Amino acid sequence: MKIKNGKIQIKNYDLQYWVLQGVILFLGIITIYSFTKLGLTVEKHNPIFDSHYYRVGQMFESFLRFNINFKKYFSTMITSFLSTFGLAFLSTILGLLIGGILALFSARNLSNKWLSDIIRGSSAAVRAVPTFLIVLLCISIYGMTGTSAVIGMTFHSTVFFVKVLGETFEEVEEGTLEGIKASGGSWLNLIHAVVIPSSINKIVAWSAFRLEINFGVAVIMGPFAAVKNSLGSDLKKAVSTYNFTEIFFTIGVIFITMYVLQYLADRLKRKAKID
């Protein structure tokens, strides 16, 4: 903010401002020009909208008919839910165990600087790779099985915990650690008596947060990695057969589960005072 001719100048029209405006203008022109070259046309009549399944009203009507065997559906739904949740839970627990151990060595107040840098750099490189690419690599080794999904999700869970738990462990008061060292305590004594007890609330909060993420990924992994008896596979099957009742119920189960997991994760994060 500058004062010019007795007036307060709110905006600072410097070189950075004009460069930003130029970039925005350039991107706007390119976007408009691209749309003119796409050759998009809107037909006055498209036969696809005459189909029964593509009418919104007919879709909801089909849903309200409840043309579904509820006894068989809920039996299958429970199995699929447990399978999907188990996939998310297993990858979260494995990631927590492996990532928690690596996080202890990545924390600069608990490990050597060179070892900490190696672990942090390696985990950052793995985090840059999408989960699906890791799963594709595992599929080439283990085939289209749940094992590929578990390994791929565990990889990302591990590097996630390396980052967040490493930063959590570094927040432990240095004076407390020095006191244990001065009294002759070993490195394991530091971990057992100070680090874990002082960080347990944040560990639980981050675990719940990661479980929420992994559940969403596990749903997608059903059709992606051909995981049988999962919510994702059931949803794909319902869509392919135009069973709107089953589609809505399956989406509802996914939505409610995600909402509950997010609510618990937020409560635990607030309790642990995590931003």
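Everything numeric here is computed off the predicted structure, so don't read it as measured data. One is the number of the first residue; the rest follow in order along the sequence.
Within the 4.5 Å cutoff, side-chain heavy atoms of R127 are placed close to those of S123. Side-chain contact between V253 and F249 is absent, with no heavy-atom pair separated by less than 4.5 Å. Inter-residue side-chain proximity for T131 and M221 is flagged as met; some heavy-atom pair is nearer than 4.5 Å. Two residues are said to be in side-chain contact when any heavy atoms from C-beta on lie closer than 4.5 Å; L133 and L137 fail this criterion.
With sequence neighbours left out, T92 forms a side-chain hydrogen bond (donor to acceptor under 3.5 Å, both in side chains) with N214. Considering only residues two or more places apart in sequence or on other chains, T168 meets the side-chain hydrogen bond (donor to acceptor under 3.5 Å, both in side chains) condition with none of them. Take D117 and apply the side-chain hydrogen bond (donor to acceptor under 3.5 Å, both in side chains) test, not counting sequence neighbours, and it matches K113. A search for side chain to side chain contact (heavy atoms under 4.5 Å, CB included) contacts involving I213 returns F209, R210, V217, not counting sequence neighbours. Not counting sequence neighbours, the partners of L264 by the side chain to side chain contact (heavy atoms under 4.5 Å, CB included) test are V260. Residues satisfying the side chain to side chain contact (heavy atoms under 4.5 Å, CB included) criterion with V164, sequence neighbours excluded, are F160, F161, W206. The side chain to side chain contact (heavy atoms under 4.5 Å, CB included) test applied to I93 returns F89, L97, not counting sequence neighbours. With sequence neighbours left out, the side-chain hydrogen bond (donor to acceptor under 3.5 Å, both in side chains) criterion links E170 to R120.
With hydrogens and angles ignored, the 3.5 Å screen pairs no side-chain donor or acceptor of S111 with any backbone N or O of A107. Put simply, the side chain of T84 gets close to the backbone of L231: a donor and an acceptor are under 3.5 Å apart. At distances below 3.5 Å, not a single donor-acceptor pair connects side-chain atoms of S91 with backbone N or O atoms of T154.
Atoms OG and CD, on S198 and E171 in that order, are 9.5 Å from each other to the nearest 0.5 Å. Taking OG of S116 as the reference point, atom CG of L102 lies at 11.5 Å (rounded to 0.5 Å). Atom CD1 of I200 and atom OG of S207 lie 8.0 Å apart (nearest 0.5 Å). Interatomic distance, CG of L165 versus CG of L96, reported as 6.5 Å (0.5 Å rounding). Atom CE of residue M153 and atom CD1 of residue I134 lie 11.5 Å apart, to the nearest 0.5 angstrom.
When L190, L110, I119 are each tested for a side-chain contact (heavy atoms from CB on, under 4.5 Å) with L104, only one passes: L110.
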> Run the side-chain contact (heavy atoms from CB on, under 4.5 Å) check on F85 and L211 step by step: do they pass?
Replying inline: CA-CA 9 Å; F85 188 83; L211 178 61; 4.1 Å; yes
> Taking it one step at a time, do V150 and L94 satisfy side-chain contact (heavy atoms from CB on, under 4.5 Å)?
Replying inline: CA-CA 9 Å; V150 170; L94 291 176; 4.2 Å; yes
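Heavy-atom neighbours of F215 CZ from other residues, nucleotides or ligands within 6.0 Å: above the threshold of 12.
For E212 against A265, the heavy-atom pair with the smallest separation is OE1-CB, 4.0 Å. S148 approaches C138 most closely through the heavy-atom pair OG-O, 3.4 Å. The two residues A103 and G166 come nearest to each other via the heavy atoms CB-N, 3.6 Å.
Hydrophobic clustering of Ile, Leu, Val, Met, Phe, Trp and Tyr side chains at less than 4.5 Å, counting indirect connections, keeps V204 apart from Y263. Cluster membership check: L188 shares its hydrophobic cluster with F105, using side-chain heavy-atom separations under 4.5 Å among Ile, Leu, Val, Met, Phe, Trp and Tyr. Note: the hydrophobic cluster containing V129 also contains V159 (ILVMFWY, side chain heavy atoms under 4.5 Å, direct or indirect links). Neither I256 nor L82 shares a network with the other; the hydrophobic side chains, linked directly or stepwise wherever heavy atoms of I, L, V, M, F, W or Y lie under 4.5 Å apart, form separate groups for each.
For residues 249-260, every residue pair satisfying the side chain to side chain donor-acceptor pair (under 3.5 Å) rule, not counting sequence neighbours, is listed here: Y73-T250.
Hydrophobic side-chain contacts under 4.5 Å tie I29 into a cluster, directly or through other members, with L25.
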